[in-house]
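Everything below concerns the one structure shown next.
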2 protein chains.
Amino acid sequence: MAKQESNVDRIYNACRQMAANFEFKPDERINESSLATKLEASRTPVREALNRLVAEGFLTFQNGRGFFCRSLSPNRIMDLYEARVAIECEALRRCVERATDDEIALLVSYLDASEPHYQTCDDPMELLGMDEKFHMDLARLSQNSELVLMLNNLNDRIRYVRLVDLKSLRSSAPIVASEAAQLSAHRIILAAVERRDGDAAVAAMRSHIERRREEATDAVRIAYSQLYVPSD
Amino acid sequence: MAKQESNVDRIYNACRQMAANFEFKPDERINESSLATKLEASRTPVREALNRLVAEGFLTFQNGRGFFCRSLSPNRIMDLYEARVAIECEALRRCVERATDDEIALLVSYLDASEPHYQTCDDPMELLGMDEKFHMDLARLSQNSELVLMLNNLNDRIRYVRLVDLKSLRSSAPIVASEAAQLSAHRIILAAVERRDGDAAVAAMRSHIERRREEATDAVRIAYSQLYVPSD
DNA sequence: GTGCACCAAACTGTATACAGCTTATTATTC
DNA sequence: GAATAATAAGCTGTATACAGTTTGGTGCAC
């Protein structure tokens with residue numbers, strides 16, 4: 001019962017990660033043969049994986065010309081942030097209705113535990129990981145797997161820009177200020193959930209995400225410069 | 001510049017429609033060879049199309065066993081309805097912010113034009129088509145293509161059950177009552193949009209969709225009986 | 001008759017071949 | 001020298017072949 005991860009899954013996961021990290025550059029054409037060689041497989045399973053990624057919004061496809069990386073534009077990213085608002089706020093509403101006190105308490109203790117790390121951690125990737133985990137755990141309490149899947153997809157498509165955004169925040173503002181604000185936003189949301197105050201929770205969540213959305217245009221600009229400069 | 005629709009697109013569209021209509025029965029295993037023969041193609045492009053449908057939630061995939069139709073369960077359908085609430089309400093908020101008066105007026109006149117049909121039309125498919133068109137047109141006014149795509153996907157996955165639900169409503173209640181209520185819900189939503197009253201619009205939309213969600217369990221039960229009975 | 005082992009048929013997973021289209025390069029004309 | 005046409009190279013789209021796995025059926029033991 002161990003052999004679950006199939007070859008096409010392996011290829012799919014590898015490509016998904018590459019696409020998420022913009023290892024394929026925006027609008028870049030993807031060469032199936034070289035990708036297949038790199039992943040030590042033939043073109044057939046590679047194409048299957050790429051087709052899934054098209055349906056998930058990571059790639060695009062043009063008949064006769066093949067697969068391309070999705071483009072990276074402020075508008076597109078803002079759309080994704082708005083979709084996040086939609087999904088997370090609805091999930092939150094259902095969470096307030098359905099989550100048990102125990103489940104909420106568990107999330108509170110996670111927040112308690114991760115709070116110190118927020119202050120000391122200087123790896124943006126890890127910070128983002130903690131942030132995403134909180135949001136995903138919260139969404140799971142909605143008991144709606146569709147919303148969870150959608151949020152997971154959105155997170156993966158938006159991550160690169162969020163990471164860039166986080167880095168630029170950290171360089172421009174004191175760590176304590178920006179991250180403490182982030183953290184307290186989570187506390188405010190969760191406190192409202194504990195009170196079973198759906199409206200307050202949703203309002204807090206909305207403004208929490210919206211704040212980041214407004215930075216999207218700048219973040220995309222920075223992202224572009226990062227993508228086309230050899231290294232940092 | 002005419003030849004845009006590729007072969008795999010044709011196959012994809014055909015399979016998507018079959019999956020949406022549950023021409024593949026719930027949890028049924030899909031035979032690639034016979035499907036390929038039926039669509040007059042080889043297995044390769046068929047598998048590519050099926051992979052896209054997996055990513056879109058129409059099918060599932062098990063390593064070594066191939067593709068299966070998604071299962072049909074009340075919980076799953078209720079999840080989809082909730083996701084619809086999430087997407088449509090957020091789209092509506094953005095629509096209230098962004099739609100021009102002209103765009104809204106256009107939708108009002110569509111509603112005026114379709115109102116008579118609501119009363120006279122006795123084809124559930126056509127009724128559902130008009131309903132979906134209204135919702136999609138409204139969503140498009142959000143100017144958020146991501147939300148539009150998501151809603152389109154949800155509509156296609158939920159359609160079969162909605163159709164069954166609509167048929168059963170029509171047989172149990174007088175046409176005028178149930179459909180007039182449906183129609184007036186659209187009017188109420190749109191009137192709130194005209195007043196630029198986002199909260200009222202969202203509240204109306206939420207209860208409009210929620211009402212149908214509550215019928216999901218029954219509708220799925222009826223759907224099953226329809227699927228496994230030769231004809232009506 | 002039930003459970004288990006074995007076998008055969010059927011189906012999936014992937015490599016490969018090749019036709020047709022797209023893109024890049026070179027040659028040609030003005 | 002720039003624009004365009006012709007040509008070559010490369011890449012995509014799909015059929016096909018075959019290996020490996022799953023599934024269904026048969027016979028045997030109990």
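Throughout, a chain's letter reflects where its sequence line sits, starting with A, and its residues are numbered from 1.
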Sorted by chain and number, sequence neighbours left out, side-chain contact (heavy atoms from CB on, under 4.5 Å) with B:Arg76 holds for B:Ser71, B:Ser73

Quick note, ring pair (Phe, Tyr, Trp, His ring centres under 6.0 Å) partners involving residues 138-170 of chain A, not counting sequence neighbours, are A:Phe22-A:Tyr160

Contacts of B:Ala36 meeting side-chain contact (heavy atoms from CB on, under 4.5 Å) (sequence neighbours excluded), chain-then-number -> B:Arg43, B:Val46

The complete set of side chain to side chain donor-acceptor pair (under 3.5 Å) pairs with one or both residues in residues 21-30 of chain A, sequence neighbours excluded, reads A:Asn21-A:Glu23

To the nearest angstrom, the CZ-P distance between A:Phe68 and C:dT22 comes to 11 Å

note: B:Leu39, atom CG; D:dA15, atom P; distance rounded to Å ~ 11 Å

query: Does a side chain donor of either B:Asn51 or B:Arg47 reach within less than 3.5 Å of an acceptor in the other side chain?
result: no

In whole angstroms, the gap separating P of C:dA15 from CD of A:Glu40 amounts to 11 Å

Residues at least two apart in sequence or cross-chain that pass ring-ring contact (aromatic ring centres under 6.0 Å, His included) with B:Phe68, listed by chain then number, are none

Separation of C:dC11 atom C1' from B:Leu35 atom CG, nearest Å, is 14 Å

Taken to the nearest whole Å, CZ/A:Arg52 to C1'/C:dG13 is 12 Å

Please list, pair by pair, any protein nitrogen or oxygen found under 3.5 Å from a nitrogen or oxygen in nucleotides 8-12 of chain D.
| unit_1 | atom_1 | unit_2 | atom_2 | d |
| --- | --- | --- | --- | --- |
| D:dC11 | OP1 | A:Asn31 | ND2 | 2.9 |
| D:dT12 | OP1 | A:Ile30 | O | 3.1 |

Rounded to whole Å, the CG-C1' distance (B:Asp9 to D:dT14) equals 14 Å

B:Asn51 atom CG is separated from C:dT12 atom P, nearest whole Å, by 13 Å

Whole-Å distance, A:Ile11 CD1 to C:dA15 C1', equals 12 Å

